[in-house]
Amino acid sequence: MPAYNEEASILRVIQDIRDHFPSGDIIVINDGSHDLTSVRAGSLGVRVADLPYNLGIGGAMQAGFLYAFQEGYDAAIQFDGDGQHHADQINRILKPWISQEADLVVGSRFLSDSGFKSSVQRRIGAKILSFVVSSITGQRITDTTSGFRLYDRKTLEFFRSIYPEDYPEVEALILAHKKGLKIVEVPSEIGPRTGGRSSITIAGAVYYMVKVLLAISVDLMKKID
Amino acid sequence: MDIVQVIAIAVSVSIFIIVIELIRRNHLKERYSLVWLAASIILIIFSSSRKLLALISAMFGIYYPPSFLFLLGIVFLLVLLLHFSTVISVLGEKNSRLAQEMGLLKTRLDSLEKKITFKAEPPQDQAGK
């Protein structure tokens with residue numbers, strides 16, 4: 001669980017996971033928060049890895065991949081600390097992995113009618129990204145920026161060494177596709193964040209799109225072994 | 001020898017001396033020192049001989065000899081900047097890897113310390129792996 005300044009929501013999120021998915025081990029990657037994220041998470045007895053300074057979501061995720069791989073886990077689930085993911089959805093994301101249909105499972109808010117509404121520019125942006133990523137990967141991917149994902153061990157091993165920093169969710173899909181990992185999208189109810197702040201501000205939407213598309217083209221040129 | 005040339009030579013020689021001094025004091029890695037040494041030597045050569053500069057400029061079809069110096073300088077800076085960009089990228093990557101490993105090590109250390117403090121109790125959290 002990557003967390004950056006999520007003191008408002010972190011307790012509720014951890015409790016939510018414990019209620020709905022008690023068999024899972026939780027590690028909170030505290031990405032150099034300035035608030036009580038680490039202390040609060042630690043008070044519930046979950047493992048907390050404090051990064052010495054803010055690496056960004058990509059760097060924080062990679063710390064999680066490193067941990068899960070080193071500790072010998074077969075799979076890891078990314079679950080945001082801001083409360084927009086719901087632990088009762090974890091079963092949905094587990095299914096394709098259990099049936100060995102997927103190496104990387106993505107929970108999509110657009111495949112379910114959770115009534116999740118966002119701003120117009122966000123929805124347009126999401127459509128464009130979905131179109132681009134779907135064209136590249138040759139399969140339909142509706143929610144490219146979803147941070148609710150499951151990684152199997154093969155994927156963990158891959159992302160442990162290479163994980164994008166700039167727009168990790170979108171770029172990771174491209175890299176995983178190039179690596180030949182099987183990506184499966186499942187419907188998932190994702191709510192609005194209950195605390196914290198989005199890493200994407202609405203004002204920079206267009207600028208964001210241009211940069212993401214540039215990052216994708218760079219990823220396409222990258223050598224993957 | 002006119003004043004411009006004297007100044008040019010003086011500047012080139014002082015750059016050369018500064019580079020040598022930086023290497024001597026270990027402020028400059030050998031990897032970078034070679035480039036800078038070469039650059040300052042080339043500067044000294046061209047500033048001390050106008051004829052040579054004019055000759056080479058003519059070879060390249062450049063009418064105004066000093067602009068050949070500008071060209072050299074710009075190309076040199078471009079290559080150096082590109083080199084620095086790659087160095088910074090690699091450094092950044094190594095840096096974040098260090099931060100990640102350090103964060104995880106601290107977590108391991110914490111849980112290890114807890115285990116040692118409570119070593120009278122039977123070990124826990126073995127399940128679920």
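The structure presented is a predicted model; accordingly, all values stated were derived computationally and were not measured. First the proteins, then the strands, lettered A, B, ... as listed; each starts at 1.
Taken from OG in B:Ser96 to OH in A:Tyr163, the straight-line distance is 13.0 Å, to the nearest 0.5 Å. Atom OH of A:Tyr67 and atom CG of B:Leu105 lie 12.5 Å apart (nearest 0.5 Å).
Judged by distance alone, the side chain of B:Gln100 and the main-chain N or O of A:Gln62 form no donor-acceptor pair under 3.5 Å. Put simply, the side chain of B:Thr107 gets close to the backbone of A:Val48: a donor and an acceptor are under 3.5 Å apart.
Interface remark: A:Ser161 contributes backbone atoms only to the contact with chain B (heavy atom separation under 4.5 Å). For A:Leu66, the parts lying under 4.5 angstrom from a heavy atom of chain B are both the backbone and the side chain. Interface remark: B:Asn95 contributes backbone and side-chain atoms alike to the contact with chain A (heavy atom separation under 4.5 Å).
Side-chain contact annotation: B:Arg108 with A:Gln70, donor-acceptor N/O pair under 3.5 Å present.
When side chains are defined from C-beta on, B:Lys106 does not count as touching A:Pro52, because their heavy atoms never get closer than 4.5 Å.
By the 6.0 Å contact criterion, CZ on B:Phe70 is open, its count of non-hydrogen atoms from other residues, nucleotides or ligands being 12 or less. Annotation: A:Lys222, atom NZ; neighbour count of heavy atoms from other residues, nucleotides and ligands within 6.0 Å is above 12.
Residue B:Gly103 comes nearest to A:Leu51 through the heavy atom pair CA-CD2, 4.3 Å, listed as atom of the first residue, atom of the second, then distance.
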